[in-house]
There are 2 protein chains.
Amino acid sequence: MSAAPAGPEDIDRILAALADPTRRRMVDMLRDGPMRAGELAAAFDISGPAVSRHLRVLRENALIEEEEEGDDRRLRVYRLRAAPFADLQAWLEEVAAFWTAQLSAFKKHAEGKSRKGKGAKRK
Amino acid sequence: MSAAPAGPEDIDRILAALADPTRRRMVDMLRDGPMRAGELAAAFDISGPAVSRHLRVLRENALIEEEEEGDDRRLRVYRLRAAPFADLQAWLEEVAAFWTAQLSAFKKHAEGKSRKGKGAKRK
DNA sequence: AGGATATTTAACCTAAAAGCTAATATTTAA
DNA sequence: TTAAATATTAGCTTTTAGGTTAAATATCCT
């Protein structure tokens with residue numbers, strides 16, 4: 001199993017996979033449920049092969065996976081995988097911690113209302 | 001102010017800015033507090049101009065901003081901005097909602113699904 | 001001021017990414 | 001099985017992103 005805590009290079013791969021607008025839109029579409037390549041392709045103005053290539057990138061970076069069997073008999077649908085998104089969320093949580101730290105520093109700083117020299121700031 | 005709900009193209013810009021490993025590392029570094037370009041540059045094996053360019057991308061996409069005044073007299077430090085990360089978190093929340101939907105669908109569908117292991121079909 | 005340091009801009013180069021058309025599997029249906 | 005459709009791989013072209021060095025600009029320190 002992949003119980004590993006998602007190293008930095010994992011995050012990089014996830015971000016790289018999501019960085020393309022077409023691929024990000026595909027992810028949005030897949031939120032409505034698993035789809036076939038053709039269904040996804042219909043939503044874009046690019047060629048079939050281009051769609052296939054984007055799906056390949058998403059698949060190779062484990063953001064999506066092929067479903068073996070669909071409910072109504074149609075095979076090879078793509079579905080979102082949870083892990084990468086959870087990993088990215090975890091990283092964002094860490095980054096967000098910055099502002100809580102920032103906030104406490106500001107609170108401490110605001111009490112003294114310390115006088116720091118310059119008067120004219122504000123751009 | 002920017003009270004807009006962060007459209008898809010905003011998310012695309014944020015993701016594009018974060019997609020480069022160097023820039024993502026810079027963000028990680030800036031979690032420890034605002035820094036000067038030089039401090040950041042020291043952590044990478046690339047040239048100063050390359051660092052400057054990455055900072056420019058982060059700045060143009062509003063992930064960081066220049067600080068006007070530092071505590072100890074040093075100007076032009078870069079600091080993280082909260083909004084883009086919050087926007088990205090919000091988008092991820094939406095995506096994550098997929099699995100809760102998935103889960104309820106699965107629960108409803110839960111029993112018969114054991115029909116998968118066919119024999120030699122793969123080449 | 002004037003020089004040393006730090007940072008950004010300019011011009012150029014290379015490599016990778018995304019697109020297309022055509023060809024090659026695959027799958028579904030007759 | 002053949003035929004139609006669906007989807008992926010192959011080969012090629014164009015665009016874009018990241019890197020470099022050299023020059024310009026801004027900042028800091030006597």
Side-chain angles (χ1 to χ4, degrees), chain A residues 9 12-27 29-30 34-61 63-79 117-118 120-121 123, chain B residues 9 12-27 29-30 34-61 63-79 116 118-123:
Chain A
E9 62 287 337
D12 284 338
R13 287 166 51 111
I14 295 164
L15 286 168
L18 289 174
D20 181 273
T22 299
R23 288 195 292 268
R24 213 225 60 256
R25 255 184 83 193
M26 284 176 168
V27 168
M29 289 180 69
L30 288 173
M35 286 187 192
R36 283 194 286 178
E39 294 181 79
L40 288 159
F44 300 94
D45 272 350
I46 60 181
S47 65
V51 170
S52 188
R53 201 172 232 301
H54 282 302
L55 286 172
R56 184 173 151 86
V57 172
L58 290 171
R59 189 169 6 109
E60 286 178 343
N61 290 293
L63 273 70
I64 62 174
E65 65 188 349
E66 264 190 358
E67 178 73 8
E68 301 289 318
E69 182 181 10
D71 269 60
D72 59 338
R73 192 88 182 92
R74 43 188 202 181
L75 308 200
R76 296 177 72 194
V77 296
Y78 286 106
R79 88 162 24 163
K118 313 236 328 183
K121 31 202 240 179
K123 171 162 174 244
Chain B
E9 60 288 339
D12 284 338
R13 287 166 49 114
I14 295 164
L15 286 169
L18 290 173
D20 181 272
T22 299
R23 287 195 293 268
R24 213 224 59 256
R25 254 183 84 191
M26 285 175 167
V27 167
M29 289 179 70
L30 288 173
M35 285 187 192
R36 284 193 286 178
E39 295 181 77
L40 288 159
F44 300 95
D45 272 349
I46 60 181
S47 65
V51 170
S52 186
R53 202 162 174 47
H54 281 302
L55 287 172
R56 184 172 151 84
V57 172
L58 289 172
R59 188 168 7 109
E60 286 179 341
N61 290 293
L63 273 70
I64 63 175
E65 65 188 349
E66 263 189 359
E67 180 72 9
E68 302 288 318
E69 179 183 12
D71 269 59
D72 59 338
R73 192 91 182 91
R74 45 189 201 179
L75 309 200
R76 296 178 72 194
V77 296
Y78 287 106
R79 88 162 24 162
K116 197 170 109 176
K118 291 264 303 197
K121 188 152 173 213
R122 214 65 192 89
K123 194 172 356 175

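Just so we're on the same page: letters track the sequence lines, and every chain starts at 1.
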**OP:** Please determine if a side-chain N or O atom of A:Ser47 lies less than 4.0 Å away from the OP1 or OP2 oxygen of C:dC20.
**Re:** yes

Original post:
Nearest-Å distance, CZ (B:Arg76) to C1' (C:dT5)?
Top reply: 12 Å

**OP:** Could you check how far CD of B:Glu66 sits from C1' of C:dA6, rounded to whole Å?
**Re:** 13 Å

**OP:** Calculate the interatomic distance between B:Arg13 atom CZ and D:dT16 atom P; express it in whole Å.
**Re:** 16 Å

Tabulate atom names and distances for all N/O pairs under 3.5 angstrom spanning the protein and nucleotides 10-17 of chain C.
none

**OP:** Check A:Arg36 against A:Arg76 and note the closest heavy-atom contact, atom names and distance.
**Re:** CG-O, 3.9 Å

**OP:** Give the minimum heavy-atom separation between A:Asp12 and B:Pro21, together with the two atoms involved.
**Re:** OD2-CB, 3.5 Å

**OP:** Scan B:Ala37 against the nucleic acid and name what it touches under 4.0 Å (heavy atoms): base, sugar-phosphate only, or nothing.
**Re:** sugar-phosphate

Subject >> Pairwise salt bridge (Lys or Arg N to Asp or Glu O under 4.0 Å) hits with a residue in residues 44-57 of chain A, at least two apart >> reply: A:Arg56-A:Glu60

Subject >> Atom pair CG (B:Leu18) and CG (B:Leu63), whose distance is rounded to the nearest 0.5 Å >> reply: 5.0 Å

Subject >> Protein-nucleotide distance (A:Ile46, atom CD1; D:dT15, atom P), rounded to Å >> reply: 17 Å

Subject >> Separation of A:Leu30 CG from A:Leu55 CG (nearest 0.5 Å) >> reply: 8.0 Å

**OP:** Any chance you could measure A:Leu15, atom CG, to B:Arg24, atom CZ, to the nearest 0.5 Å?
**Re:** 7.5 Å

Original post:
Of all the nucleotides listed (C:dT7, C:dT8, D:dT8), which has the minimum atom distance to the side chain of B:Ser52?
Top reply: C:dT8

Original post:
For B:Met35 and C:dA6, what is the distance between atoms CE and P respectively, to the nearest whole Å?
Top reply: 17 Å

Subject >> Atom pair CG/OH of B:Leu40 and B:Tyr78 - distance to nearest 0.5 Å >> reply: 9.0 Å

Subject >> Single hit among A:Glu67, A:Glu65, A:Glu66 for salt bridge (Lys or Arg N to Asp or Glu O under 4.0 Å) with A:Arg79 >> reply: A:Glu67

**OP:** Figure out the CZ/C1' separation between A:Arg56 and C:dG19, and round it to whole Å.
**Re:** 16 Å

**OP:** Could you state the atom-to-atom distance from NE2 of B:His54 to C1' of D:dT20 in whole Å?
**Re:** 12 Å

Subject >> B:Tyr78 side-chain N/O to C:dT7 phosphate OP1/OP2 under 4.0 Å >> reply: no

Original post:
Tell me: CE of B:Met26 to C1' of C:dT7, nearest whole Å?
Top reply: 13 Å

Original post:
What is the minimum heavy-atom distance between B:Ala19 and A:Ala19, and which atoms define it?
Top reply: CB-CB, 3.4 Å

Original post:
Paired stems touching DNA chain C, three or more consecutive Watson-Crick or G-U pairs with both distances under 3.5 Å?
Top reply: C:1-30 with D:1-30

